Amino acid sequence: MTNVAIFGVGLIGGSIALCLKGKPGIRVIGFSNRESSVQKYIQRGVVDVGTTSIREAAEQADFIFLCVPVGNLQEYLEKISACKLKDGCIITDVGSTKSSVAGYARSVDLGGACFIGGHPMAGSERSGVEAASYHLLENAFYVLTPDETTPPEAVGRLTELLSYTRANIVKVDADDHDDIVGAISHLPHMIAVALVNQVRSYNERNGLYESLAAGGFRDITRIASGDPPLWRDILLDNRQVLLRLLRDWRSGMDEFAAMLETNDAEAIEEAFRQAGEFRSRMPERRKGMIHSVYDCYVDVPDHPGIIGRIASLLGNNRINLSNIQIIESREDVPGVLRLSFRNQEYLDQAIALLEESGYSVHQ
Ligand SMILES: NC(=O)C1=CN([C@@H]2O[C@H](COP(=O)(O)OP(=O)(O)OC[C@H]3O[C@@H](n4cnc5c(N)ncnc54)[C@H](O)[C@@H]3O)[C@@H](O)[C@H]2O)C=CC1
Ligand SMILES: O=C(O)C(=O)Cc1ccc(O)cc1
């Protein structure tokens, strides 16, 4: 029997637990520091057994996943290292930063156990076990950060276990990880928050900002709704990298200001051209840190029951909708429905079916 202990069964810990539970020879143990949370994990069927005892969870584990916030990783590594761990036990984490946790792991004596940092590079702005999903990590990159002291055999065993998540495992140096993820995830989160707060302050004087900001603005700032304590920990932990990235960001904004001040039409066009060219080279719709959306928009006449008919059409053809939203519904224009799906396959099938049935669909 392979015992997998998960510390912090939230969005990420819960999603990993859902991938492992019920697999041959695997038993998932959920740890929480709160008894009521342990009961919840068991009731929701996310773990096989649960405990509030660090020792009980850690000492029988063959694998330990630390899925607590970044700010609690040091504390848990220290507490776990004080337990009598099994020889060959592999400890890993899922934190969004990788350098600091590697340092904490080096500073404790893990006996016959070993630590391999990890970061599943997919998620959402939601948190808690309620948001966990069997599909969350599917096709996403999952970074592991072994160093020269990590036994390759341990990396192999962890990779094998993680194959149940259906993520793509990649090995990256911990410092490189923090530079790259700082730029593609942490910096965008700060920008989204600053942008929303900028508009929020204008809105205090004129509520029209809020009314008109729906649609695109809402979409591009979705990540500003991330869990505040979680993001506090991530940004503070990666602060040296982020301070450097913010300097570069400011100089990019200064360049825009200069282009506007000097009426430099050509430079503005060139900036858009370069960005568009780089963006077009990125693989489309691959699951990334800031997750892809599989949405389409359907024009719908203002007929009663139309939403039900579309939902039934998809349901009868076994195409699972993950969300449905009325974007526009006014008397003078046809309405628009936004349909969201979990993957490209469902989206493609839905578009084909809706078009066949006479609907006008766009992406
Ligand atoms: N939110 C996301 O999309 C992603 C988050 N991560 C990383 O995953 C880790 C967990 O994040 P989420 O699952 O999103 O958060 P979450 O809030 O959904 O889950 C955190 C879990 O840790 C528990 N917890 C909090 N403080 C604790 C403590 N002191 N002792 C024991 N348990 C405690 C919570 O009860 C919860 O079950 C973080 O390190 C985060 O950086 C990694 C990839 C994506
Ligand atoms: O909501 C999104 O798309 C995210 O960006 C989620 C996310 C948050 C933290 C991570 O370390 C990785 C992914």
Side-chain angles (χ1 to χ4, degrees), residues 5-18 30-42 44 46-47 50-54 57-58 64-80 92-101 104 117-133 136-137 140-145 165 167 172 177-178 180-193 219-238 242 285-294:
I6 300 197
F7 285 69
V9 188
L11 172 74
I12 302 295
S15 298
I16 293 174
L18 284 170
F31 165 88
S32 171
N33 50 351
R34 285 211 308 259
E35 181 57 39
S36 58
S37 302
V38 171
Q39 290 314 320
K40 183 167 68 178
Y41 304 161
I42 296 170
R44 295 184 75 92
V46 179
V47 298
T51 176
T52 54
S53 157
I54 296 182
I64 297 176
F65 282 81
L66 296 178
C67 304
V68 294
V70 164
N72 298 98
L73 287 171
Q74 180 173 19
E75 170 198 343
Y76 275 94
L77 270 172
E78 284 170 359
K79 287 181 172 161
I80 282 169
T92 185
D93 76 310
V94 297
S96 306
T97 55
K98 295 275 55 81
S99 289
S100 61
V101 71
Y104 303 142
H119 180 199
M121 291 183 37
S124 86
E125 72 283 10
R126 300 174 62 209
S127 56
V129 69
E130 297 76 9
S133 151
L136 189 72
L137 308 183
F141 282 118
Y142 194 128
V143 171
L144 294 181
T145 57
T165 64
V172 180
H177 167 278
D178 289 1
I180 297 167
V181 171
I184 61 166
S185 173
H186 307 166
L187 178 67
H189 277 78
M190 288 191 290
I191 295 168
V193 168
D219 288 348
I220 63 160
T221 56
R222 176 187 57 80
I223 53 174
S225 300
D227 184 48
L230 184 107
W231 280 98
R232 171 202 64 203
D233 283 7
I234 296 172
L235 300 190
L236 289 176
D237 194 83
N238 205 17
L242 296 182
R285 300 204 175 273
R286 189 190 65 202
K287 208 173 206 175
M289 310 256 343
I290 294 176
H291 65 71
S292 309
V293 281
Y294 302 105

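Here the structure is a predicted model, which is why all the values come from computation and not from measurement. For ligands, and for the atoms within them, numbers begin at 1 and follow the listed sequence.
Ordered by chain and residue number, the residues placing a heavy atom less than 4.0 Å from ligand 1 are Gly8, Val9, Gly10, Leu11, Ile12, Asn33, Tyr41, Cys67, Val68, Pro69, Val70, Asn72, Tyr76, Val94, Gly95, Ser96, His119, Pro120, Ala122, Gly123, Ser124, Ser127, Gly128, Leu230, Ile234.
The Arg222 neighbourhood of ligand 2 comprises atoms 1 (O), 2 (C), 3 (O), with distances under 4.0 Å to a heavy atom of that residue. Interface atoms of ligand 2 facing His189, defined by a heavy-atom separation under 4.0 Å, are 5 (O). Of all atoms in ligand 2, numbered sequentially from 1 with element shown, those under 4.0 Å from a heavy atom of Glu125 are 1 (O). Taking every non-hydrogen atom of His119 and a distance limit under 4.0 Å, the qualifying atoms of ligand 2 come out as 10 (C), 11 (O), 12 (C).
Between Ile6 and Val47 the shortest side-chain heavy-atom distance does not fall below 4.5 Å.
No donor-acceptor pair closer than 3.5 Å links the side chain of Asn238 to the backbone N or O of Thr97.
Relative ring orientation between His189 and Trp231 is described as parallel, the plane-to-plane angle staying below 30° on a 0-90° scale split at 30° and 60°.
Heavy atoms of Met121 stay at 4.0 angstrom or farther from ligand 2.
Between atom CG of residue Leu136 and atom CG of residue Leu18 there is a gap of 10.0 Å, rounded to the nearest 0.5 Å. Note: His177 NE2 to Ser99 OG = 9.0 Å, rounded to the nearest 0.5 Å. The distance from the CZ atom of Phe65 to the CG atom of Asp93 is 10.0 Å, given to the nearest 0.5 Å. Taken to the nearest 0.5 Å, the CG atom of Leu66 stands 14.0 Å off from the CD1 atom of Ile12.
For a threshold of 3.5 Å applied to N or O pairs, the pair formed by Ser96 and ligand 2 contains at least one separation below that value.
Here Ala131 pairs with Leu11, Arg126 under the side chain to side chain contact (heavy atoms under 4.5 Å, CB included) rule; sequence neighbours left out.
Residues Ile42 and Gly50 come closest through the heavy atom pair CD1-N, 3.7 Å.
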